[in-house]
Amino acid sequence: AGIWIRGNGAFIEIRNNRVHDIENSCSRCGAHGIAVYGRDPNASIHDIIIDGNQVYNGQFGWSESMVLNGNVEKFTVSNNVVHDNDNIGIDFIGYEGENPDPAVDRARDGTVVGNLVYNINSYGNPAYGNERSAGGIYVDGGTNIIIERNIVHDSNLGVELASEHAGKNTSYITLRNNFFYNNTQTGIAIGGYDKRRGSTENCVIVNNTLYNNYTQGDWGAELYVQYDTRYNIIKNNVIYANSSRRFIESWSAVMTDNIVDYNLYFAPGGGTDGTWIWKNVTYTTFDAYQSGSGNDANGLVGVDPLLVSTTIPDLHLQSTSPAIDRGQNLAEAGTLDIDGQTRIQNIIDLGADEVR
């Protein structure tokens with residue numbers, strides 16, 4: 001590990017470090033760039049700031065580029081650049097048994113803001129072989145975390161909110177005002193990756209911009225809804241697919257009261273066709289998806305959001321974008337857009353950018 005804090009502690013700041021070329025090539029081992037493990041059941045690691053660091057060129061095996069695990073609370077992870085590593089970029093973990101008290105064995109009550117994460121890919125990692133499963137940002141059992149104004153691109157999963165442990169959950173995560181693009185499998189994933197995992201509950205996913213994810217074309221979608229999702233809200237997102245036109249895949253019918261609405265769906269060539277899979281039922285037109293799933297009664301389809309550039313890419317909205325003033329004003333969208341500008345001006349814009 002490059003930097004590793006363990007036990008308990010408070011008011012620790014890790015700032016402006018370069019952590020690179022940490023390597024563990026063992027197929028059943030791990031390594032970390034920056035790690036915080038709260039292992040004391042009686043006292044947390046709290047009020048910790050991880051800001052302005054670079055973590056790159058790591059070979060991390062089973063483990064993560066940057067991680068907060070166990071009894072860790074009241075944290076800020078901000079303005080870091082995490083790139084060119086062979087496993088998860090930034091991770092917030094619970095229920096791995098790093099703390100002997102299950103009641104406090106989860107990262108919680110934190111903010112994740114302004115980070116840039118790219119080229120996070122598990123393909124070729126000795127622990128994963130040919131599997132592409134590394135998230136740029138991952139919450140695995142964490143709770144009460146705001147993830148906003150981050151950019152994740154050219155990784156396997158842009159962000160994943162899930163719990164790997166049966167009977168446990170990731171909960172009360174607010175994912176807002178982020179850019180996710182050019183990721184091999186999905187822009188946003190929620191729910192357990194198989195039926196032996198835990199749930200994703202009471203999460204709010206609003207005003208994100210997704211572009212050209214699912215580039216590998218084997219599994220995934222722009223939005224990937226997996227096993228056991230409950231009471232989540234997915235609204236005001238711009239979902240701009242590639243030529244595969246694979247907008248949503250929800251392969252599990254095990255879900256409760258998720259709300260999906262006010263999202264904009266577009267792919268090259270426009271039109272209202274594509275793939276929306278909901279509760280393992282496939283719909284190939286937007287009308288069929290709306291009527292069959294009950295989702296997106298106020299959604300838009302086939303309307304070009306007019307991103308500034310789809311070649312750079314630059315996912316800001318042009319001044320003439322039809323996504324301007326088309327969202328639902330939500331307090332959960334926060335006060336600032338992707339650039340730190342005022343988030344709601346009259347009626348909120350769709351996606352992460354609020355045009356001034």
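What you see is a predicted model; the values in this text were computed from it and never measured.
- A perpendicular orientation is assigned to the rings of Y265 and W276, their planes being inclined by more than 60° (bins at 30° and 60°).
- No side-chain donor from either of N57 and D84 sits under 3.5 Å from a side-chain acceptor of the other.
- Y240 and F266 have perpendicular rings, their planes meeting at more than 60° on a 0 to 90° scale where under 30° would count as parallel.
- With hydrogens and angles left out, the side-chain atoms of Y289 and D296 include a donor and acceptor closer than 3.5 Å.
- Using a 4.0 Å cut-off between charged side-chain N and carboxylate O, R176 and E148 make a salt bridge.
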D257/R230 under salt bridge (charged side-chain N to carboxylate O under 4.0 Å, His left out): CA gap, chis, key distance, verdict: CA-CA 6 Å; D257 293 336; R230 312 176 190 184; over 6 Å; no
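- Less than 6.0 angstrom separates the ring centroid of F75 from the ring centroid of F92.
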Next on the checklist: Applying side chain to side chain contact (heavy atoms under 4.5 Å, CB included) to I22 and Q59, what does each step give before you reach the verdict?
Outcome noted: CA-CA 6 Å; I22 306 296; Q59 297 180 25; over 6 Å; no
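- Under 4.0 Å is where a charged nitrogen must lie from a carboxylate oxygen, and between D47 and K74 no such pair does.
- Aromatic ring orientation, H46 versus F11: perpendicular (interplanar angle above 60°, classes split at 30° and 60°).
- A donor-acceptor pair under 3.5 Å is formed between the side chain of N87 and the backbone N or O of S63.
- Although no hydrogens or angles enter the test, the distance criterion places no donor-acceptor pair under 3.5 Å between the side chain of D325 and the main chain of N346.
- Of all non-hydrogen atoms in I347 and R326, the two that sit nearest each other are CG2-N, 4.5 Å.
- L306 contributes atom CG, which lies 8.5 Å from atom CG of L317 (distance to the nearest 0.5 angstrom).
- Evaluated for a side chain to side chain contact (heavy atoms under 4.5 Å, CB included) with I348, the options V206, D337, N329 yield exactly one hit, N329.
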* To do: Evaluate the side chain to side chain contact (heavy atoms under 4.5 Å, CB included) criterion for residues M255 and S250: first the C-alpha distance (whole Å), next the side-chain angles of each, then the deciding distance (0.1 Å), finally the verdict.
  => CA-CA 10 Å; M255 62 170 66; S250 159; 3.2 Å; yes
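- With respect to N207, the side chain to side chain contact (heavy atoms under 4.5 Å, CB included) criterion is satisfied by exactly one of I344, L175, N177: N177.
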Checking T200 against Q226 for the side chain to side chain contact (heavy atoms under 4.5 Å, CB included) test, could you report, in this order, the C-alpha distance in whole Å, the side-chain angles of both residues, the deciding distance, and whether it holds? CA-CA 9 Å; T200 301; Q226 305 178 96; over 6 Å; no
request  = Give the C-alpha distance, both sets of side-chain angles, the deciding distance and a yes or no for side chain to side chain contact (heavy atoms under 4.5 Å, CB included) between I49 and I14.
outcome  = CA-CA 6 Å; I49 297 172; I14 303 173; over 6 Å; no
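- A salt bridge links D273 with R245: at least one charged nitrogen is closer than 4.0 Å to a carboxylate oxygen.
- The minimum heavy-atom distance linking N213 with N182 is given by the pair OD1-N, 3.4 Å.
- Cation-pi geometry between R132 and Y123 is satisfied (NZ or CZ under 6.0 Å from the ring centre, within 45° of the ring normal).
- For the pair K195 and Y227, the cation-pi criterion (under 6.0 Å, within 45° of the ring axis) is not fulfilled.
- Ring geometry for H153 against Y181 counts as parallel: the plane angle stays under 30°, on a 0 to 90° scale with 60° as the upper cut.
- If you look at Y128 and W62, their ring centroids are closer than 6.0 Å.
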